[in-house]
Amino acid sequence: MTTNDEMRPLHVGVIGCGYWGSKHVRVLSGLPGVEVSVIDRDDDRRRGLEAAYPIRASVADLADVLDDLDAAVIATPPLGHYPLAKACLEAGVHALVEKPLTTTVAHANHLIDLAEERGLTLMVGHTFEFNAAVWSLAEAVRKPEFGKVRYINSARLNLGLYQPDVDVLWDLAPHDISIINRVLDSRPTSVSAWGMELMADKPDVAYLNLRYDDLDVGACIHVSWLDPMKVRRTTVVGEHQMAVYDDMAEERLRVYDKGVDSAQTADQSQIPMSYRHGDIVSPFIQFNEPLGLELGHFVESIRTGTKPVVDGRSGREVVSVLCAAEESLRTGGWVTVDYDSNVIDLRERRSKNAPSPTAPDSQNDPQPSAGA
Ligand SMILES: NC(=O)c1ccc[n+]([C@@H]2O[C@H](COP(=O)([O-])OP(=O)(O)OC[C@H]3O[C@@H](n4cnc5c(N)ncnc54)[C@H](O)[C@@H]3O)[C@@H](O)[C@H]2O)c1
């Protein structure tokens, strides 16, 4: 933006103002130099937000305000992300797209290309990468006293919320994948997935195994819409210490000076292991609302023309992992994650409604589900 542009407010439209989009509206309304418009097909949702916050424009259809926007947050159900983000970028509007960025790698590539060609900011809503507990976890794990990471286990469970257009892996696992990638500062090489269709015609309980070959580390993610307890927990097991990040606990991060060593024993009936039990440390974490940091970073990236830390490429990495997971669900084996592919994904090839396998911007783009 030019100096003159910096003088005027940044006009941000929130497209999809349901459960999560309404939080974007709340946070954006409190940011200095930002004016917010709401775009949602549901009149009642818009009316509720109009009553609560200073809203510049309130419309049902993006087309009615697109020309006037500087930036947009896309918080519709996932199948709407690509067509709406594409429309924004083509109109010269910066975009923050909720997770998952898209539901195919080809669509992610297309959004990245559009943003780069036009010099626009494209960011993805991997909110946990703005969570101070995740930063503390990454810091703890990298200390020499932690030792080499042996494996990571992550669980994201709850009763619901069942989503209309994607399965539980696409809905919940983006968070775990982005947290683990951030903690390890790496990305998985191959994945295997196992899911069950218990109350829906798509997996509502699933396990995802990830191999990080460069680090010789394995990770396991359990996601579920069918669990009595709300669980958001990541456990990292190291050579010398272990760490648990529990987003539902008061002390969200605990580092355990615990471990197991191989030991010599004369008693052949005993497994030769010795167990170490030491201190449990819960570091103080200065908490700022992650969504506030994320949106502040989005606005700052636009104003300064700098690349956001969680950009379109970060979003595409997670989409690539989920596409490989989907293939594994189908084939039952390990699948190498293809980070470079520009071909349309299996997901789309299998879809009866996607006759064009190569054109990400064809008329066959998935449309957002109505009123979802
Ligand atoms: N980052 C996070 O922590 C986080 C948390 C929850 C949800 N999400 C993401 O946010 C997105 C929305 O999830 P939700 O739970 O808020 O869904 P929701 O169903 O509560 O809300 C979606 C809203 O989008 C509107 N909508 C759909 N298509 C539209 C269109 N073309 N134009 C205008 N409005 C449209 C619907 O009317 C609805 O109000 C999803 O992508 C989800 O993955 C992210």
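Predicted model, so just to flag it, every value in this text is computed and none were measured. One-based numbering, in listed order, for ligands and for the atoms of each.
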Which ligand 1 atoms are under 4.0 Å away from a heavy-atom of [X]?
X	answer
His175	1 (N), 2 (C), 3 (O)
Pro77	22 (C), 24 (O), 27 (C)
His81	41 (O)
Gly18	16 (O), 20 (O), 21 (O), 23 (C), 39 (O)
Gly125	1 (N)
Tyr19	6 (C), 15 (O), 16 (O), 20 (O)

With a 4.5 Å cut-off on side-chain heavy atoms, are Leu208 and Ile177 touching?
yes
Between [options], which one has a non-hydrogen atom sitting closest to [atom]?
atom	options	answer
atom 34 (N) of ligand 1	His126, Arg46, Arg41	Arg41
atom 29 (C) of ligand 1	Thr76, Asp43, Val59	Thr76
atom 42 (C) of ligand 1	Lys99, Glu294, Arg45	Lys99

Kindly confirm or rule out a cation-pi arrangement of Arg187 over Tyr339, judged by NZ or CZ under 6.0 Å from the six-membered ring centre and within 45° of its axis?
yes
Ring of Phe128, cation from Arg156 - is the NZ or CZ under 6.0 Å from the centre and inside 45° of the axis?
yes
Determine whether a donor-acceptor pair (N or O, by modelled atom type, separation under 3.5 Å) exists between the side chain of Arg276 and the backbone of His240.
yes
Return yes or no for this condition: an N or O of Trp20 is under 3.5 Å from an N or O of ligand 1.
yes
Measuring from non-hydrogen atoms of Asp40 to any atom of ligand 1, is the shortest distance under 4.0 Å?
yes
Does Ala75 have a heavy atom less than 4.0 Å from any atom of ligand 1?
yes
side-chain contact (heavy atoms from CB on, under 4.5 Å) with Val14: of Ile39, Leu28, Asp40, only one passes, and it is Leu28
Can a side-chain donor-acceptor contact be found between Tyr245 and Asp247 if the only test is distance below 3.5 angstrom?
yes
hydrophobic_cluster_shared for Trp194 and Met199, side chain cutoff 4.5 Å:
yes
Residues at least two apart in sequence or cross-chain that pass ring-ring contact (aromatic ring centres under 6.0 Å, His included) with Tyr162, listed by chain then number, are Trp225
Glu294 and His126: which non-hydrogen atoms are nearest, and at how many Å?
OE1-C, 4.1 Å
Taking heavy atoms and a distance under 4.0 Å, where does Glu98 meet ligand 1: side chain, backbone, both or neither?
side chain
